[in-house]
2 protein chains.
Amino acid sequence: MKAYDSSKYVTPDGYTADITVFTILSEKKEKKAPPEMTLHMMLIQRKETDSEGNPNVEGGKWAIPGGFIHPDETGIDAAVRELNEETGVAGLHIRHFGVYDKNGRDPRGWIISNAFYAIVPESSLVNRRAADDAADVKLFSMDDVMNLDLAFDHRDIITDALAIIRTEMIRTTTAKNFLPEEFTLSELQRVLLTVTNDPKIASDPVFFAKAPKLPFIELALDAAGQPKKTTRHSYRPSRLYKFNGIDVIESIYG
Amino acid sequence: MKAYDSSKYVTPDGYTADITVFTILSEKKEKKAPPEMTLHMMLIQRKETDSEGNPNVEGGKWAIPGGFIHPDETGIDAAVRELNEETGVAGLHIRHFGVYDKNGRDPRGWIISNAFYAIVPESSLVNRRAADDAADVKLFSMDDVMNLDLAFDHRDIITDALAIIRTEMIRTTTAKNFLPEEFTLSELQRVLLTVTNDPKIASDPVFFAKAPKLPFIELALDAAGQPKKTTRHSYRPSRLYKFNGIDVIESIYG
DNA sequence: CAACTAATTATTAATTTTATAATTACTAAT
DNA sequence: ATTAGTAATTATAAAATTAATAATTAGTTG
């Protein structure tokens, strides 16, 4: 690269990656009722001291997994590495969604962070364990997250990530990742209700009337061509549906 | 990094960035009619020979601007640099959308490409000029693009980028980037028709009835609170509208 | 047999959409 | 002064969908 004396300029004091990881937890509380589903995210608790025994900045606080990007790696490389180091989680499909660079966001100085997000099935997170700079790692419901005294500007990052997750869930067929291949309408409904309380979804008569007609959903049929049914959530057999792979783009113009 | 003898393995022969850049050209053909707008993209013509005078692979063919990523830079760094080097264009907001790694896509060997896209106002591209590996640089209508004998797998990359551009235009208020701050409904209509021929947009009575009621569009008012009008496209004064900054997420579930 | 509950369907009024026709507000041409 | 043209706008009537709620069904359990 061209001659450039960085000592002559104010340069960033650090460059980091933060990875917001969401999942949907499903809890079957009643034998005959659909499971309760809630959006959760995985956070790590920062160790009180760093690797040299010195008091850690924002030590003890819950935070988004992440850490410093090394000069020889990209942001996403660092994100993948840090996530694995701090939580033991790997193989997630993460995406970049923003850069957080407000001066003052970190007491250590001018620290710029690249934020990533993923929403994954719970099975991807079962083997998590805190390590490296993390004293603990847990899944929190979004209500609980918002009641935490989070480190740095992580509340802002989480708010933005949440908006993206919600948009994706509502605008695309992302919900299918949290459903069995053949699902009931109430199961789909519960997944969607983890990110919205739109009455068109919350209302059984409205949703049950509309959903079977959506172009990307179809009845699951048995070998004889009859609609498949299940009694896993009710005494009355419920019809099973599946996504048919059609991608829909809903126009905002009508 | 850990000890690793890459000579023991088959490794990629190259790692590149390709940048699909779209714009919408607006041509006022009649004194009293809205302009014709068409989606275009900027392509470069590959030089016949490389910098050492040897015949260039796919020399003479039209292609997406781009080139090899250096080890000391990220894909997006390379994309920005190559775009500027080959076309003189800079300052665009580009986004990554895919990796093209099919073996055989490039006769030179196992070449992996990161694809980026941007859709920008024409004003961002007026100072383009071919340089570096590019013999020429031009804007092509999408019809013309699809009739070109493009280099490598660039037709596939372009097809995917186009789908993303269309989705963004239909799903979000991206159209506003191609309109004056205060626009007529027919101007908005023409922008949208560059990416779709949906009759709900193509039909004047339908579109003119619906558009004013959209939550993210409102009438432009003068100082006296009266609707602003223009005769730039018709003898009869047409109402002017503007986007009001509201972001809408249209649910695919109803 | 009655009661319960998730799933499903029905009902009716209100609203929107569909498909097209008609009108308006300006000109330009005669 | 009148007619014709055209982009923008509005009207019309039938069809379809939505809104809001009630009712019913299909299985159980007690």
Side-chain angles (χ1 to χ4, degrees), chain A residues 26-37 179-180 182-193 197-215 217-220 226-241 250-254, chain B residues 26-37 179-180 182-193 197-215 217-220 226-241 250-254:
Chain A
S26 179
E27 187 183 355
K28 181 84 162 170
K29 286 185 167 175
E30 301 288 341
K31 190 172 190 292
K32 290 294 181 184
E36 273 184 37
M37 295 189 194
L179 290 160
E182 292 171 353
F183 54 89
T184 65
L185 291 181
S186 60
E187 286 167 340
L188 172 59
Q189 185 184 36
R190 298 272 176 301
V191 168
L192 296 174
L193 289 174
N197 52 22
D198 182 352
K200 289 181 180 179
I201 292 173
S203 161
D204 284 2
V206 173
F207 188 72
F208 282 59
K210 175 82 177 190
K213 299 173 186 169
L214 296 170
I217 283 174
E218 63 190 31
L219 267 177
Q226 294 303 307
K228 278 182 171 177
K229 296 185 174 178
T230 181
T231 54
R232 60 184 179 240
H233 304 316
S234 64
Y235 293 112
R236 175 178 174 170
S238 311
R239 291 194 200 109
L240 285 166
Y241 294 85
E250 202 66 23
S251 172
I252 60 172
Y253 296 97
Chain B
S26 180
E27 186 183 356
K28 180 84 161 170
K29 286 184 167 175
E30 301 289 342
K31 188 169 190 296
K32 291 294 180 183
E36 272 183 40
M37 296 189 193
L179 291 159
E182 292 170 352
F183 54 89
T184 64
L185 293 180
S186 60
E187 286 167 341
L188 172 60
Q189 184 185 37
R190 294 241 178 332
V191 168
L192 297 174
L193 289 174
N197 52 21
D198 182 351
K200 287 180 183 179
I201 292 171
S203 161
D204 284 2
V206 173
F207 188 70
F208 282 58
K210 176 80 178 194
K213 298 174 187 168
L214 296 170
I217 283 173
E218 65 192 29
L219 268 176
Q226 294 304 305
K228 277 182 171 178
K229 296 185 175 181
T230 181
T231 54
R232 60 184 179 240
H233 304 317
S234 65
Y235 292 113
R236 175 177 173 169
S238 311
R239 288 194 202 111
L240 286 167
Y241 294 84
E250 200 66 22
S251 172
I252 60 172
Y253 296 97

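Here the structure is a predicted model, which is why all the values come from computation and not from measurement. Every chain is numbered from 1, with letters handed out A, B, ... down the list of sequences.
- Contacts of B/Glu182 classified as salt bridge (Lys or Arg N to Asp or Glu O under 4.0 Å), with partners at least two apart in sequence or in another chain: B/Lys228.
- In this structure, CG on A/Leu185 lies 9.0 Å from CG on A/Leu214, to the nearest 0.5 angstrom.
- Distances shown here put a side-chain N or O of A/Ser186 below 4.0 Å from the OP1 or OP2 atom of C/dA7.
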Along nucleotides 22-30 of chain C, 5' to 3', which nucleotides get a B, which get an S, and which get a -, given that the test is a protein heavy-atom distance under 4.0 Å?
--BBBSS--
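- Per the geometry, CG belonging to B/Asp204 stands 8 Å off C1' belonging to D/dA7, to the nearest Å.
- Listed candidates were C/dT17, D/dT10, D/dA19. Nearest to the side chain of B/Lys210 is C/dT17.
- As rounded to whole Å, 20 Å separates atom P of C/dT16 from atom OH of A/Tyr253.
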Considering only distance and modelled atom types, tabulate donor-acceptor pairs under 3.5 Å from the side chains of residues 202-209 of chain A, sequence neighbours left out.
from     : atom 1 : to       : atom 2 : distance (Å)
A/Ser203 : OG     : A/Val206 : N      : 3.4
A/Asp204 : OD1    : A/Gln189 : NE2    : 3.0

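- Following rounding to the nearest Å, B/Tyr241 (OH) and D/dA8 (P) show an atom-to-atom distance of 11 Å.
- Map B/Ser238 and A/Val206 each onto its nearest nucleotide of DNA chain D; the residue landing nearer the 5' end is B/Ser238.
- To the nearest 0.5 angstrom, A/Leu240 atom CG is 7.0 Å from A/Thr184 atom OG1.
- Here the nucleotide nearest the side chain of B/Pro34, chosen from C/dT18, D/dT21, D/dA7, is D/dA7.
- Between B/Pro180 and B/Glu187, the closest side-chain pair of non-hydrogen atoms falls below 4.5 Å.
- Residue A/Lys32 contributes atom NZ, which lies 12 Å from atom C1' of D/dT29 at whole-angstrom precision.
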Enumerate, atom names and distances included, each donor-acceptor pair closer than 3.5 Å involving a side-chain atom of residues 26-33 of chain A, sequence neighbours excluded.
from    : atom 1 : to       : atom 2 : distance (Å)
A/Lys28 : NZ     : A/Ala33  : O      : 2.9
A/Lys28 : NZ     : A/Arg232 : O      : 2.7
A/Lys28 : NZ     : A/His233 : ND1    : 2.5
A/Lys29 : NZ     : A/Glu36  : OE1    : 3.2
A/Lys32 : NZ     : A/Thr231 : O      : 2.4

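- Of the candidates C/dT18, C/dA7, C/dT8, C/dA7 carries the atom nearest the A/His233 side chain, counting heavy atoms from C-beta on.
- No side-chain heavy atom of A/Asp198 sits less than 4.5 Å from a side-chain heavy atom of B/Tyr253.
- The CD-P distance, from B/Gln189 to D/dA8, rounds to 8 Å in whole Å.
- Put simply, CG on B/Leu188 is 16 Å from C1' on D/dA7, counting in whole angstrom units.
- We find that CZ of A/Phe208 is positioned 8 Å from C1' of C/dT8, with the value rounded to whole Å.
- When the P atom of D/dT25 is taken as reference, atom CZ of A/Arg239 falls 14 Å away, rounded to whole Å.
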